Asks: 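Just passing along the structure, written as structure tokens.
All values derive from a computational prediction rather than experimental measurement. The analysis underlying the following values was restricted to heavy atoms, covering all of them including side chains, and did not include hydrogens, waters or symmetry mates.
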Amino acid sequence: MNVDDLHPALRTFVYGATQILLTEASEELFLPRVGELMRALVSYDNWLDPACAQNHPSFYQQYLLYADPSDRLSVVSFVWGPGQSTPIHDHTVWGVIGMLRGSEYAQQYDVGVGGRPNPIGHELRLMPGDVEYVSPHLGDVHQVRNAYSDRVSISIHAYGGNIGKIKRHVFAADTGNVKEFISGYATPVN
């Protein structure tokens, strides 16, 4: 995936985030800086390839927009059809989420004894331009859902690894069962 082939807005984000990650090792310091780049990226809704903005009638879609050749950084679009949501899941790496279009709710969880997830606080609602963070250090387990039952919502996510290749976990709210998964990516259709 060639950076030069990206839309200029996405290319600016990728170059900026890569420079930050090459010069700053502390998550505490680089996350806010990557967050500011994400805020700039999602402040305009004119750059996302329409093929990476297509919803599926049954499942949310995760489209790969960019993956660093060394798998240090990936950028994806999450496309939420009306009423769609994720299971309760983790990431195992840091992430920066920016709301591009529509709105979504995110509920953070703490995983208790036996793998049972317990909600922490209230659901957070993200609106266009809002930025949120996940990481094993900040809180890495959450559930996300489209805030709307009648329209598509799209968020842009940057991760500290190629999220489509990383082994992660889903947590069953009722039983506490933990299941490993690798998410992969949806295939854009032009």
Asks: Considering residues at least two apart in sequence or located in another chain, which fulfil the side chain to side chain donor-acceptor pair (under 3.5 Å) criterion with H169?
Replies: D90
Asks: Q108 and L138: which non-hydrogen atoms are nearest, and at how many Å?
Replies: NE2-O, 3.6 Å
Asks: Take a 6.0 Å sphere around CD of E28 and say whether it holds more than 12 heavy atoms from other residues, nucleotides or ligands.
Replies: no
Asks: Would you give me the side-chain donor-acceptor pairs under 3.5 Å for residues 122-131, sequence neighbours excluded?
Replies:
unit_1 : atom_1 : unit_2 : atom_2 : d
E123   : OE1    : R145   : NH2    : 2.9
E123   : OE2    : R145   : NE     : 3.0
E123   : OE2    : R145   : NH2    : 3.4
R125   : NE     : S103   : OG     : 2.8
R125   : NH1    : Y105   : OH     : 3.2
R125   : NH2    : Y148   : OH     : 3.4
D130   : OD2    : M127   : N      : 2.8

Asks: Can you name the nearest heavy-atom pair linking P117 to F171, along with the distance?
Replies: CG-CB, 3.9 Å
Asks: Looking at residues at least two apart in the chain, or sitting in another chain, which of them share a salt bridge (Lys or Arg N to Asp or Glu O under 4.0 Å) with R11?
Replies: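 R11: no salt bridge (Lys or Arg N to Asp or Glu O under 4.0 Å) contacts found.
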Asks: D49: what forms a side chain to side chain donor-acceptor pair (under 3.5 Å) with it, not counting sequence neighbours?
Replies: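 Partners of D49 under the side chain to side chain donor-acceptor pair (under 3.5 Å) test: none.
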Asks: Can you list the residues that meet the side chain to side chain donor-acceptor pair (under 3.5 Å) rule with Q62, with sequence neighbours excluded?
Replies: S183
Asks: So, using salt bridge (Lys or Arg N to Asp or Glu O under 4.0 Å) as the criterion, who are the partners of R101 when residues are at least two apart?
Replies: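 Applying salt bridge (Lys or Arg N to Asp or Glu O under 4.0 Å) to R101 gives D45.
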Asks: May I ask you to check whether H91 and Y159 place their ring centers less than 6.0 Å from one another?
Replies: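 Yes, the ring of H91 comes within the 6.0 Å limit of the ring of Y159, centre to centre.
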Asks: Check A173 against R116 and note the closest heavy-atom contact, atom names and distance.
Replies: O-NH1, 3.5 Å
Asks: For E36, check salt bridge (Lys or Arg N to Asp or Glu O under 4.0 Å) against everything at least two apart and list the hits.
Replies: R39
Asks: Once ring pair (Phe, Tyr, Trp, His ring centres under 6.0 Å) is applied, do any residues pair with F13, and if so which ones, sequence neighbours excluded?
Replies: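 For F13 there are no ring pair (Phe, Tyr, Trp, His ring centres under 6.0 Å) partners, ignoring immediate neighbours.
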Asks: Can you name the ring pair (Phe, Tyr, Trp, His ring centres under 6.0 Å) partners of F30, sequence neighbours left out?
Replies: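 Expected list: W94.
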Asks: Taking only residues two or more places apart in sequence, or in another chain, which ones meet K165 in a side chain to side chain donor-acceptor pair (under 3.5 Å)?
Replies: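 Side chain to side chain donor-acceptor pair (under 3.5 Å) list for K165, sorted by chain: D71.
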Asks: Hey, is NE2 on H137 packed in by over 12 heavy atoms from elsewhere, all under 6.0 Å?
Replies: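 No - once you tally the heavy atoms of other residues, nucleotides and ligands closer than 6.0 Å, there are 12 at most.
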Asks: For residues 73-82, which residue pairs pass the salt bridge (charged side-chain N to carboxylate O under 4.0 Å, His left out) check, not counting sequence neighbours?
Replies: none
Asks: My understanding is that only residues two or more places apart in sequence, or in another chain, count here; which of them pass ring pair (Phe, Tyr, Trp, His ring centres under 6.0 Å) with Y15?
Replies: none
Asks: Taking the side chain as every heavy atom from C-beta outward, state whether F181 and P87 have any atom pair closer than 4.5 Å.
Replies: no
